[in-house]
Structures are given as structure tokens and as C-alpha cells.
Amino acid sequence: MALLPILCYPDPRLHTVAKPVAAVDDRIRTLVADMLDTMYDAKGIGLAATQIDVHERVIVIDVSEERDDPIVLINPELVWTSPGTHLNEEGCLSVPGIYDGVERFDAVHVRAMDLAGQVRTIEAEELLAVCIQHEMDHLMGKVFVEYLSPLKRNRIKTKLRKAQREDAR
Ligand code: K1U
Ligand code: ZN
């Protein structure tokens, strides 16, 4: 088991655009296992490789109550989005203690490789659809607070920088 440090907003590395994975090999399988350990340990429902400073298109998700149904998305692509959207209250392991509303598609279809290198299409709604959109934003270098007003975002930056300075003491 390996727990990886999670980058904290406003770390500029969170704005890196991830590159496609070239091959699903042992390096990627180890990365996915470490990401799942890290996500479960942090009590998150998702984690993008960007958040652990690996800039490749890999996402892990588990929205199950029992925390026993991991989903691995390698090189994910949104292939369909619903006409309807809704405002969803979101958090982020890279923005600790901050929760706010983000407008998301009600449902999405995502095509991605699994750990066996098989391409699959997942039809997602509710929390899974929201989580997929949130994690795919991470791969594009976007953090959910960038949907908020500049005033709110600056307050969050100031608060988290202060907390990080105090943690470093
Ligand atoms: O990407 C991340 O930082 C993980 C993030 C995923 C996420 C949560 C909520 C909405 C969209 C995406 C988290 O897991 S935040 C912490 C959390 O466990 C949680 C927060 C709200 C609802 C359910 C879970
Ligand atoms: Zn996040």
C-alpha cells in the first residue's frame, strides 16, 4: 500500500493539462493501486492523477456506500452529455474544507480504457456523473473553485495559503 501526497490548491501544478497514457502496463497498474489507496485513505469518492502530481489521463472513482466498487478510467473522453444541468454541492481533496455549488450535466457517457486495456463506455447519472465531470476537469488542469466568482476564489486562496503556512510551522 502506498499513500501519495495530494497537491493542495492554489498549487500551480494543479493547472497542468494531463497527457494520454501510452500503454496500460505495470507502471500504470501500480499508479492506479496507489491512487485507490490514497483516495480511500482520504475518504474521497474520486481522485485524478493530476492531484498526486502525475500528469497522465488516469482517474479512480468509488461512489458506492460500501467503498468496494472502484472504477478506473484511463484516457477518458466524454462522448455524450445530457441537455439538462443542475447545481451540485462539491468538495475536493485538493481544496480541503471548502464546499460550493457547481453547475454540472445531469448525465454523461464516458469512453475510457479499464485496467485490462479494454475500451468501455460508462453511462453515468447522479453522483457518478458529477464525480466524472469533476475528475475530468482535474485532467484539464481545472479545479472546481474556478467556477466560483473571483471574490470567492480569492478568499479561498487566502484561507488555504494561511492554513498551509501554519501547517508548515
Ligand atoms: O477530486 C477530488 O478531489 C475528490 C472529490 C470528488 C467529488 C466530490 C463531490 C462532488 C464531486 C466530486 C471528493 O471526494 S471530495 C470529498 C468527499 O468525499 C465528498 C464530498 C461531497 C459528496 C460526497 C463525497
Ligand atoms: Zn477534486
Side-chain angles (χ1 to χ4, degrees), residues 1-19 21 28 31-78 80-82 84-110 112 122-149 152-157 159-161 163-164 167:
M1 171 162 172
L3 299 180
L4 308 167
I6 296 174
L7 298 179
C8 208
Y9 187 79
D11 191 311
R13 292 171 289 182
L14 284 168
H15 303 304
T16 311
V17 177
K19 294 192 165 61
V21 169
I28 294 296
L31 171 67
V32 165
D34 292 348
M35 285 176 64
L36 284 167
D37 288 343
T38 304
M39 177 190 75
Y40 287 125
D41 181 74
K43 313 227 175 332
I45 56 169
L47 188 72
T50 310
Q51 294 175 276
I52 46 119
D53 203 21
V54 174
H55 302 288
E56 294 179 76
R57 293 182 63 80
V58 179
I59 289 169
V60 296
I61 292 176
D62 190 341
V63 294
S64 69
E65 288 274 317
E66 297 76 18
R67 315 285 285 149
D68 62 354
D69 191 14
I71 296 171
V72 177
L73 302 175
I74 299 169
N75 295 343
E77 304 291 342
L78 279 186
W80 178 81
T81 55
S82 60
T85 63
H86 68 284
L87 194 66
N88 191 72
E89 185 82 356
E90 297 193 12
C92 180
L93 298 174
S94 294
V95 192
I98 306 291
Y99 298 86
D100 214 322
V102 178
E103 199 71 27
R104 297 292 191 187
F105 296 113
D106 294 334
V108 298
H109 295 178
V110 62
I122 294 175
E123 299 185 2
E125 55 186 16
E126 300 181 339
L127 186 56
L128 178 58
V130 169
C131 193
I132 287 172
Q133 292 169 74
H134 177 111
E135 302 309 335
M136 289 193 66
D137 274 352
H138 275 304
L139 297 184
M140 296 307 294
K142 186 158 185 167
V143 181
F144 87 99
V145 296
E146 288 162 60
Y147 291 105
L148 309 179
S149 70
K152 274 191 179 177
R153 199 162 54 245
N154 281 329
R155 282 188 179 150
I156 291 166
K157 272 186 194 165
K159 186 175 174 180
L160 292 181
R161 281 195 183 117
Q164 287 159 28
D167 281 356

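Along the sequence shown, residues carry numbers from 1. Below, each value reflects all heavy atoms present in this structure, side chains not excepted, and no hydrogens, waters or symmetry copies. When a ligand or atom number is given, it counts from 1 through the structure's own listing order.
- Distances from atom 8 (C) of ligand 1 to the protein include at least one heavy-atom value under 4.0 Å.
- One N or O on the side chain of Asp37 and one on the backbone of Ala2 form a donor-acceptor pair closer than 3.5 Å.
- With waters neither drawn nor counted, the protein N/O/S atoms under 2.8 Å from the Zn ion (ligand 2) amount to 3.
- Against a heavy-atom cut-off of under 4.0 Å, Val130 is close to the following atoms of ligand 1: 11 (C).
- Protein heavy atom closest to atom 17 (C) of ligand 1, with residue, atom name and distance, is Lys43 O, 4.0 Å.
- For Lys157, the NZ atom is densely surrounded, since the number of other residues' heavy atoms within 6.0 Å is greater than 12.
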Intermediate values then yes/no, side chain to side chain contact (heavy atoms under 4.5 Å, CB included), Leu73 and Met136: CA-CA 10 Å; Leu73 302 175; Met136 289 193 66; 5.9 Å; no
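- Scanning all protein heavy atoms for the shortest distance to atom 6 (C) of ligand 1 gives Glu135 OE2, 3.4 Å.
- Close contacts between ligand 1 and Leu93 involve ligand atoms 2 (C), 3 (O), 4 (C) [criterion: under 4.0 Å to a heavy atom].
- For Ala48, the closest heavy-atom approach to ligand 1 does not fall below 4.0 Å.
- Checked against a 3.5 angstrom limit, the closest N/O atoms of Ile45 and ligand 1 fall inside it.
- Counting protein heavy atoms only, atom 4 (C) of ligand 1 is closest to Gly46 O, 3.0 Å.
- At a 3.5 angstrom cut-off on N or O pairs, Asn88 does not count as close to ligand 1.
- Proximity annotation for atom 5 (C) of ligand 1: of Ala129, Gly91, Pro96, Gly91 comes nearest, heavy atoms only.
- An N or O contact shorter than 3.5 Å is missing between Glu90 and ligand 1 by distance.
- Judged by distance alone, with hydrogens and angles left aside, the side-chain atoms of Gln51 form no donor-acceptor pair with the main-chain N or O of Ile6 at under 3.5 Å.
- There is a protein heavy atom less than 4.0 angstrom from atom 2 (C) of ligand 1.
- For CD of Glu89, the number of neighbouring non-hydrogen atoms (other residues, nucleotides, ligands) closer than 6.0 Å is greater than 12.
- Of the listed residues (Leu14, Leu7, Leu148, Asp11), just one forms a side chain to side chain contact (heavy atoms under 4.5 Å, CB included) with Val143, and that residue is Leu14.
- Partners of His55 according to the ring pair (Phe, Tyr, Trp, His ring centres under 6.0 Å) rule, which considers only residues two or more places apart in sequence or in another chain, do not exist here.
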Arg67 and Tyr40: CA distance, side-chain angles, deciding distance, side chain to side chain contact (heavy atoms under 4.5 Å, CB included) verdict: CA-CA 8 Å; Arg67 315 285 285 149; Tyr40 287 125; 3.7 Å; yes
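- Under the 3.5 Å distance criterion, the side-chain polar atoms of His15 are matched with a main-chain donor or acceptor of Gly141.
- Heavy-atom minimum distance, Pro76 versus Arg57: O-NH2, 2.6 Å.
- Atom 19 (C) of ligand 1 is not flagged as protein-proximal [any protein heavy atom, distance under 4.0 Å].
- Side-chain atoms of Thr38 come within 3.5 Å of backbone atoms of Leu4 as a donor-acceptor pair (strictly under, hydrogens ignored).
- Residue contacts with ligand 1 include Gln51, since one of its heavy atoms falls under 4.0 Å from the ligand.
- The 12-atom threshold is not exceeded at CZ of Arg155, counting heavy atoms of other residues, nucleotides or ligands nearer than 6.0 Å.
- Here the rule is side chain to side chain contact (heavy atoms under 4.5 Å, CB included) with Met35, and of Leu47, Ile59, Val72, Val54 only Leu47 fits it.
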